[in-house]
**Student:** 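After the structure tokens below, expect a handful of questions from me.
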Amino acid sequence: MLMNPRSIILIAAMGLASACPVDAADLLVTQYKNDPSGAPYGIALEKGFFQKHGLDITGIISGAGGGSSVRNAMASDLGYGDVTAAPVIAAAEQGQDVKIVSFTSRSLADLVLIVMPNSPLKTAADLKGKKFGISNPKSLGEMMGVLLMEQAGLKQGDVQMTALGSLSGALTALENGVVDATSIPVILFRTRGGESKYRVLVSPKDLPLIPSQLGMATGQAIKEWPEKLRAIQAARREGTRFIYEHTDEAIQILGKLYAPLPPKDVGIMVKELVEAKFWTEGRIEMPLLEQTVHAMKGVGMLQNDVDLKKIVDGSFLPPDLQK
């Protein structure tokens with residue numbers, strides 16, 4: 001049967017519409033240029049993985065971190081953000097309509113536990129009776145300190161947590177002997193001189209296993225545009241795989257993202273994180289969330305246990321990652 005020209009044009013237009021990405025939007029990623037957790041998103045943007053999965057991401061916005069990033073993600077057009085785990089759990093416990101929909105990383109290997117080169121400390125166990133510098137109480141740095149002390153067989157109170165107001169303040173305190181050790185993001189560590197200025201006390205691959213960042217979505221996003229959430233997870237997964245399978249090319253791409261950090265330092269950092277299996281394809285590991293809740297209780301962010309099953313929704317991950 002012959003079709004009239006209008007029908008042909010209409011069908012062609014419908015085909016074009018189905019192939020086009022959904023509405024353009026920015027994506028929020030906490031500390032995007034200052035922390036390597038969000039690297040898979042940078043790879044996905046550069047390699048066109050978002051477009052491949054029908055999503056037009058116009059840019060990636062760097063969130064400030066903590067509750068601020070959670071609030072900004074909730075207010076964003078996508079209703080999605082890649083943020084630190086503790087503020088999402090805290091927000092959900094306070095009645096906010098948010099859920100954890102994926103893991104981005106599965107350890108704290110994006111942080112570095114350091115001492116000065118002449119420090120007598122050789123292992124984390126040597127921190128007993130010493131001062132550990134943190135930016136602020138209840139920060140990720142303090143959570144890392146609590147978990148690491150437990151890992152080393154120390155009890156709460158064996159190490160004095162000293163809040164110094166900022167990461168730079170913690171570094172200055174370390175350099176002046178006010179504290180004996182501190183933890184800082186690996187990009188800041190390398191920007192400030194790396195191994196030429198400080199000594200790493202615990203290597204990235206030996207740091208506690210809790211998600212440093214994860215994907216969160218609002219109830220509205222889950223109900224009204226689930227296809228966008230699936231597209232984000234599929235694209236981010238491809239970005240993660242690309243880092244592991246094409247590490248050298250990924251380093252070239254990420255070198256532009258993390259400039260002015262020298263390309264050599266970007267390469268060292270990425271290869272260390274690959275060795276530590278830092279990035280994950282997205283699977284939500286409940287034991288690691290339980291460890292996060294344990295750390296939150298240890299620093300006073302939570303008083304009671306959390307029913308994590310109520311705040312987790314892994315249905316937007318590729319089917320093989322939902323198991």
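None of the values given here were measured: they were computed from a predicted structure.
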**Student:** Got T292 and M143 here, is their nearest side-chain heavy-atom distance under 4.5 Å?
**Tutor:** yes
**Student:** Which heavy atom of R199 sits nearest a heavy atom of M116, and at what distance?
**Tutor:** NH2-O, 3.9 Å
**Student:** Between D265 and L261 (side chain of the first, backbone of the second, donor and acceptor by atom type, cut-off under 3.5 Å), is there such a pair?
**Tutor:** no
**Student:** With side chains defined as the heavy atoms from C-beta onward, is the minimum distance between R236 and W279 less than 4.5 Å?
**Tutor:** no
**Student:** Mind checking whether F278 and M144 sit in one hydrophobic cluster, side chains of I, L, V, M, F, W, Y counted as touching below 4.5 Å?
**Tutor:** no
**Student:** Could you tell me whether a side-chain N or O of E93 sits under 3.5 Å from a main-chain N or O of I89, the two making a donor and an acceptor?
**Tutor:** no
**Student:** A side-chain contact here means heavy atoms from C-beta on lying under 4.5 Å apart; do T30 and S37 qualify?
**Tutor:** no
**Student:** Just by distance, with hydrogens left out, do S203 and D206 show a side-chain donor and acceptor under 3.5 Å apart?
**Tutor:** yes
**Student:** Got a donor-acceptor contact below 3.5 angstrom from the K99 side chain to the K310 backbone?
**Tutor:** yes
**Student:** Going by the salt bridge (charged side-chain N to carboxylate O under 4.0 Å, His left out) test, which pairs reach into residues 284-304, not counting sequence neighbours?
**Tutor:** R106-E285, K297-D305
**Student:** Is there a chain of hydrophobic side chains (I, L, V, M, F, W, Y, each step under 4.5 Å between heavy atoms) that links V270 to L108?
**Tutor:** no
**Student:** For the pair N34 (side chain) and Q31 (backbone), establish whether a donor and an acceptor sit closer than 3.5 Å, ignoring hydrogens and angles.
**Tutor:** no
**Student:** For a quick test of reading the model, state the closest non-hydrogen atom pair linking L127 to M149 and the distance between them.
**Tutor:** CD1-CE, 3.4 Å
**Student:** Using side chain to side chain donor-acceptor pair (under 3.5 Å), reason through T58 and D26 one step at a time and then give a plain yes or no.
**Tutor:** CA-CA 5 Å; T58 50; D26 289 327; 2.7 Å; yes
**Student:** Between S105 and S212, does a side chain to side chain donor-acceptor pair (under 3.5 Å) hold up when you go through it step by step?
**Tutor:** CA-CA 6 Å; S105 53; S212 64; 2.6 Å; yes
**Student:** Between E249 and F242, is any pair of side-chain heavy atoms under 4.5 Å apart?
**Tutor:** yes
**Student:** Would one find more than 12 heavy atoms of other residues, nucleotides or ligands at under 6.0 Å from atom NZ of K197?
**Tutor:** yes
**Student:** Indicate if V88 and L28 have the same hydrophobic cluster label, given that clusters are the connected sets of ILVMFWY residues with side-chain heavy-atom separations under 4.5 angstrom.
**Tutor:** yes
**Student:** Establish whether L167 and V202 are linked, either directly or via other cluster members, by ILVMFWY side-chain heavy-atom contacts under 4.5 Å.
**Tutor:** no
**Student:** Mind running salt bridge (charged side-chain N to carboxylate O under 4.0 Å, His left out) on R190 and E195 for me, showing each step along the way?
**Tutor:** CA-CA 8 Å; R190 299 215 163 271; E195 289 90 346; 2.9 Å; yes
**Student:** With the side chain counted from C-beta on, respond yes when T280 and T240 share a heavy-atom pair under 4.5 Å apart, and no when they do not.
**Tutor:** no
**Student:** Before you tell me yes or no, could you show the steps for Q220 and D97 under side-chain contact (heavy atoms from CB on, under 4.5 Å), namely the whole-Å CA-CA distance, both residues' side-chain angles and the distance that decides it to 0.1 Å?
**Tutor:** CA-CA 8 Å; Q220 182 184 16; D97 189 14; over 6 Å; no
**Student:** Decide side-chain contact (heavy atoms from CB on, under 4.5 Å) for I114 and L171; before the verdict, give the C-alpha distance in whole Å, the side-chain angles of both, and the deciding distance to 0.1 Å.
**Tutor:** CA-CA 9 Å; I114 57 173; L171 269 182; 3.7 Å; yes
**Student:** Decide yes or no for D180 and V115: does some side-chain heavy atom of the first lie under 4.5 Å from some side-chain heavy atom of the second?
**Tutor:** no
**Student:** CG of L140 to OG of S135: how many Å apart, nearest 0.5 Å?
**Tutor:** 9.0 Å
**Student:** For the OG atom of S102 and the CD1 atom of I284, what is their distance to the nearest 0.5 Å?
**Tutor:** 6.5 Å
**Student:** Does the side-chain contact (heavy atoms from CB on, under 4.5 Å) test come out yes or no for M286 and L289, once each step is laid out?
**Tutor:** CA-CA 5 Å; M286 295 303 286; L289 283 181; 4.1 Å; yes
**Student:** Is the backbone N or O of K205 less than 3.5 Å from a side-chain atom of E275, with the two atoms forming a donor-acceptor pair by type?
**Tutor:** no
**Student:** Any idea which heavy atoms bring L317 and G282 closest together, and the distance?
**Tutor:** CD1-O, 3.4 Å
**Student:** Search all heavy atoms of F50 against all heavy atoms of A44 and return the closest pair with its distance.
**Tutor:** CE1-CB, 3.6 Å
**Student:** With heavy-atom distances below 4.5 Å as the criterion, would you say the side chains of I222 and F316 are in contact?
**Tutor:** yes
**Student:** Rounded to the nearest 0.5 Å, what separates atom CD in Q291 from atom CG in L147?
**Tutor:** 5.0 Å
**Student:** Does any N or O in the side chain of D313 come within less than 3.5 Å of the main-chain N or O of S315, such that one atom is a donor and the other an acceptor?
**Tutor:** yes
**Student:** Taking I100 as the starting point, is it possible to reach L209 by hopping between hydrophobic residues whose side chains are less than 4.5 Å apart?
**Tutor:** yes
**Student:** What's the verdict on side-chain contact (heavy atoms from CB on, under 4.5 Å) for K47 and H246, showing C-alpha distance, side-chain angles and the deciding distance?
**Tutor:** CA-CA 12 Å; K47 299 298 290 184; H246 307 282; over 6 Å; no
**Student:** Nearest 0.5 Å, what's the CG-CG distance between L288 and L214?
**Tutor:** 10.5 Å
**Student:** Can you tell me how far OG of S139 sits from CD1 of I134, rounded to the nearest 0.5 angstrom?
**Tutor:** 4.5 Å
**Student:** So, for L154 and A124, which heavy atoms are closest and what is the spacing to 0.1 Å?
**Tutor:** CD1-O, 3.9 Å
**Student:** Once rounded to the nearest 0.5 Å, what's the spacing between atom CG of L55 and atom CG of L229?
**Tutor:** 9.5 Å
**Student:** Backbone N or O of G314 within a donor-acceptor pair of the R283 side chain at under 3.5 Å?
**Tutor:** no
**Student:** How about I57 and L78: do any of their side-chain heavy atoms sit closer than 4.5 Å?
**Tutor:** yes
**Student:** For A91 and V98, which heavy atoms make the closest approach, and how far apart are they?
**Tutor:** CB-CG2, 4.3 Å
**Student:** Please list, chain by chain and in numerical order, all residues satisfying side chain to side chain contact (heavy atoms under 4.5 Å, CB included) with K277, sequence neighbours excluded.
**Tutor:** Y244
**Student:** Exactly one of T84, D82, T104 should register a side-chain hydrogen bond (donor to acceptor under 3.5 Å, both in side chains) with Q213. Which one does?
**Tutor:** D82
